[in-house]
Each structure stands twice: as C-alpha cells, then as structure tokens.
Amino acid sequence: MPSDTVHLLLCPVCRQALSFGAGELRTLKCTAGHSFDAARQGYFNFLVGKGTAFEADSADMVAARSDFLSHGHYDGLALAIADTAAPALAATNAAVLDAGTGTGHYLRAILDRFPASAIGLDISKFALRRAARLNPDAINIVCDVWQPLPLADGAVDVVTVVFAPRNPAEFARVLRPGGRLIVVTPRPGHLAEVAGTTGMLGLEPAKEERLAASMDGAFIELATRELDLDLSLPAVDVVNLALMGPAGHHLDRSALPDLLASLPSRTNVSARFRITAFEPRRPSVPGS
Ligand SMILES: C[S@@+](CC[C@H](N)C(=O)[O-])C[C@H]1O[C@@H](n2cnc3c(N)ncnc32)[C@H](O)[C@@H]1O
Ligand SMILES: [Zn+2]
C-alpha cells in the first residue's frame, strides 16, 4: 500500500521526510512545507527546477512497449526477475525500487509474488501514466535517476533496473546492507533477426564489459543468469519492437504502415537477456 511506503521517500527539494496529507493519498508533503500533488492518473512529479534535458520516451513509444509486453512475449523474463528478487523480498515489510520502471510491467510481476512496499521511478510521464494504472499499490514518481534519488538511505531490499539507466552510487545508498541490485541487459545477438528490418540501433559490443566495470566501485557481482527466449512475433509486434526501443526516438512514423505491410505474418526472433544480481559493497571502516 502506498501509505506503508511513503516513509521511504525524501523530498526532492530539501531531502526531509515526506508524508501524505491528512486522510488522503494524493498529496505528499515534507516537514519544510514543500508539497506534491498526484497527477490525475495517480503518479507524482518530482522534477523540480528546470527539470532535465533528457529526451524521455514519447507517448507512442510507451504505447508500443505496453502493447508488446501485454502480448506475453517477455513473460519468461518477468518470471526470472521475480525469481531473482525472491530471496531478498521474503521478509514481511520488504521494499522494492524499480528504477526506469517504464509501464511498470516487471514491477507488477514482482508484486504479484510478494506484497512488498514498492516505488517506481521513470523520467517519462507517459510511461508513469500506465505504471500508475498497472501498479496502484506502488508509489510512482517522475524523476531523473541521474539525480539524487528521492529515497532514504537503506530504504529498500531490492532495486531492479530493466533496460534502464544505472546510477550505482545512488542505488547503493538506497539499498539496505545485504540488499540486492538486479540489472537486466541485452546480450549480443538480442533481437538480431529484426534489427536490420526495423532500423533498430545495434548493440554496442563493449556494453557488456561496461556493466560489471561500471558497478565495481559500489557493488559486488553475486550471480549472473543468461536467459534466451525464442519468439514467434506477429508483424504488429515487430513494429512495436522498433518503436519501443531507443530507435523509436528517431524512427520515421510515416514509414511504419509500409513496414507493417512488408513483414511476414510471423517472424522468429531470439531475445537474449542477462540478469545480474549485485550486493552493495560494505563501506570500509576508517582505520581498519
Ligand atoms: C527501455 S525502457 C525500459 C522500461 C521498463 N524497465 C521495461 O523494461 O519495460 C527505459 C526506461 O528508462 C526510462 N529512463 C531513461 N532515462 C531515464 C532517467 N534519466 N531517469 C529515469 N528514467 C529514465 C525511460 O523513460 C524508459 O521508460
Ligand atoms: Zn521539502
């Protein structure tokens, strides 16, 4: 329930504790008097000041992601993420943060297994409109994960990051000691069969090596699992794939009907994921 979760949050302006206004769940207030009203769809917007220069996913990119995921093609991944999170969420009062939650699809899979306190963060309000609908049991907040996160130190047991940007120092700060960071990244060859057809951007070959290296200062790698899903995609979902990824920012929308018409009724596609679990490094004790 959001009311059990609010004590994990900090005001994005002054970093004081937040709470809901008396008798309602639609306004968050800090002790210094800053206040944040929920949007009509139920999410909160914590982008303060001039916001961010980041190009957030647009409404049509988010709609494509939601449509694709609702057809179940990545359900195997959702199950695997929930399995990986399970040991750290078994306790009562456990809490999870999904950073770059998008439409909230993977957070839903976790909450269907564990009634944890939950926070979803994303920079796209279009994504959070859907996430707030799918996960009313979470607090969904528009914010930039490159900024200090609006969560208290040691607030959560699990942080999940599924194809989304990583801020290792902040993830380590908001995890309790012994908590788990679960990162999902694509492996080389992911969706290779359609990359050419749809104009999707290729994977950068050095990306994998960079994951472990970029986490190194703040986290220890505990376990890695490779997951391959052999998909048979209808044409509409090949188009959804093109639109929902980073290439969706640049794709010529007027070419999509022709692309759809040119595709076979089914295309075999391999999805190749890596799921890595990390534990925060213990801070070193001065003088030891
Ligand atoms: C590829 S999508 C993945 C979404 C979701 N995790 C999923 O797998 O369905 C990447 C998400 O990261 C979000 N994102 C990108 N940069 C961000 C930032 N700086 N802060 C917060 N969210 C960000 C995007 O808006 C988008 O929803
Ligand atoms: Zn404040």
Side-chain angles (χ1 to χ4, degrees), residues 1-3 5-6 8-9 11-12 18 20-21 24-29 34-75 77-78 81 96-112 116-147 149-151 159-165 184 236-237 239-251 253 256:
M1 279 295 291
S3 55
T5 309
V6 66
L8 306 175
L9 297 178
C11 172
L18 284 169
F20 282 117
E24 46 101 25
L25 300 179
R26 298 198 66 84
T27 303
L28 285 166
K29 291 194 171 96
H34 303 114
S35 106
F36 303 87
D37 291 331
R40 191 164 44 84
Q41 297 86 355
Y43 65 87
F44 293 90
N45 190 344
F46 279 11
L47 285 180
V48 291
K50 61 180 169 43
T52 172
F54 182 85
E55 189 183 3
D57 284 3
S58 59
D60 64 350
M61 290 170 69
V62 171
R65 175 170 298 277
S66 178
D67 195 41
F68 180 89
L69 291 173
S70 74
H71 297 155
H73 304 302
Y74 282 4
D75 282 1
L77 175 61
I81 294 169
V96 56
L97 164 67
D98 189 24
T101 192
T103 59
H105 181 79
Y106 298 103
L107 184 56
R108 184 70 264 149
I110 289 174
L111 294 178
D112 284 344
S117 292
I119 298 159
L121 304 180
D122 203 283
I123 205 155
S124 166
K125 67 177 181 194
F126 300 111
L128 281 197
R129 283 180 186 168
R130 289 174 186 267
R133 227 175 15 235
L134 189 63
N135 301 327
D137 41 352
I139 299 183
N140 294 286
I141 303 171
V142 179
C143 77
D144 182 354
V145 299
W146 297 119
Q147 303 296 320
L149 301 180
L151 278 85
V159 175
T160 49
V161 191
V162 186
F163 316 120
V184 179
V236 67
D237 280 330
V239 174
N240 278 335
L241 271 182
L243 203 51
M244 72 194 231
H249 287 292
H250 319 288
L251 219 61
R253 280 17 177 197
L256 291 181

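No hydrogens, no waters, no symmetry mates; every other heavy atom, side chains included, goes into these values.
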**Study point:** Asp60 versus Ser58, side-chain donor and acceptor atoms under 3.5 Å
**Key:** yes
Do Val145 and Val161 have side chains that get closer than 4.5 Å, going by heavy atoms?
-> no
On a heavy-atom basis, the closest approach of Leu107 and Ala138 is CD2-CB, 4.1 Å
So CZ of Arg130 and NE2 of His105: to nearest 0.5 Å the spacing works out to 13.5 Å
Yes or no on side-chain contact (heavy atoms from CB on, under 4.5 Å) for Leu25 and Ile139, after CA distance, side-chain angles and deciding distance?
CA-CA 10 Å; Leu25 300 179; Ile139 299 183; over 6 Å; no
All heavy atoms of Leu149 vs all of Leu97, minimum pair found to be CD1-CD2, 4.2 Å
One should read off an interatomic distance between Glu24 CD and Arg26 CZ, to the nearest 0.5 angstrom, of 8.5 Å
Heavy atoms of Ala132 and Asn140 approach each other most closely as CA-ND2, 3.5 Å
Correct closest heavy-atom pair for Leu28 and Leu9 would be CD1-CD1, 4.2 Å
Spell out, as yes or no, whether a donor-acceptor pair under 3.5 Å connects the side chain of Asp98 to the backbone of Gly120.
no
Value for OG1 (Thr160) from CD1 (Ile110), rounded to nearest 0.5 Å, stands at 4.5 Å
Hits for salt bridge (charged side-chain N to carboxylate O under 4.0 Å, His left out) against Asp137, two or more places apart or cross-chain, chain-then-number order -> Arg108
### Message
So Arg253 and Leu243, do their side chains get closer than 4.5 Å, heavy atoms only?
### Response
yes
Is Asp237 close to Leu241 at the side-chain level, that is, under 4.5 Å between some pair of heavy atoms? no
- prompt: Are Phe68 and Tyr74 close enough, and set up right, to give a ring pair (Phe, Tyr, Trp, His ring centres under 6.0 Å), and what steps lead you there?
  reply: CA-CA 9 Å; Phe68 180 89; Tyr74 282 4; 5.0 Å; yes
### Message
Between Phe163 and Val184, is the side-chain contact (heavy atoms from CB on, under 4.5 Å) condition met? List the steps.
### Response
CA-CA 6 Å; Phe163 316 120; Val184 179; 3.9 Å; yes
Whether Asp122 side chain and Ala127 backbone form a donor-acceptor pair below 3.5 Å: no
With Val142 as partner, the option from Phe46, Phe44, Phe126, Tyr43 fulfilling side chain to side chain contact (heavy atoms under 4.5 Å, CB included) is Tyr43
One should read off an interatomic distance between Met244 CE and Leu69 CG, to the nearest 0.5 angstrom, of 5.0 Å
Here the pair of heavy atoms bringing Thr103 nearest to Ser66 is CG2-CB, 4.0 Å
When every non-hydrogen atom of Cys143 is compared with those of Pro150, the smallest separation belongs to SG-CD, 4.0 Å
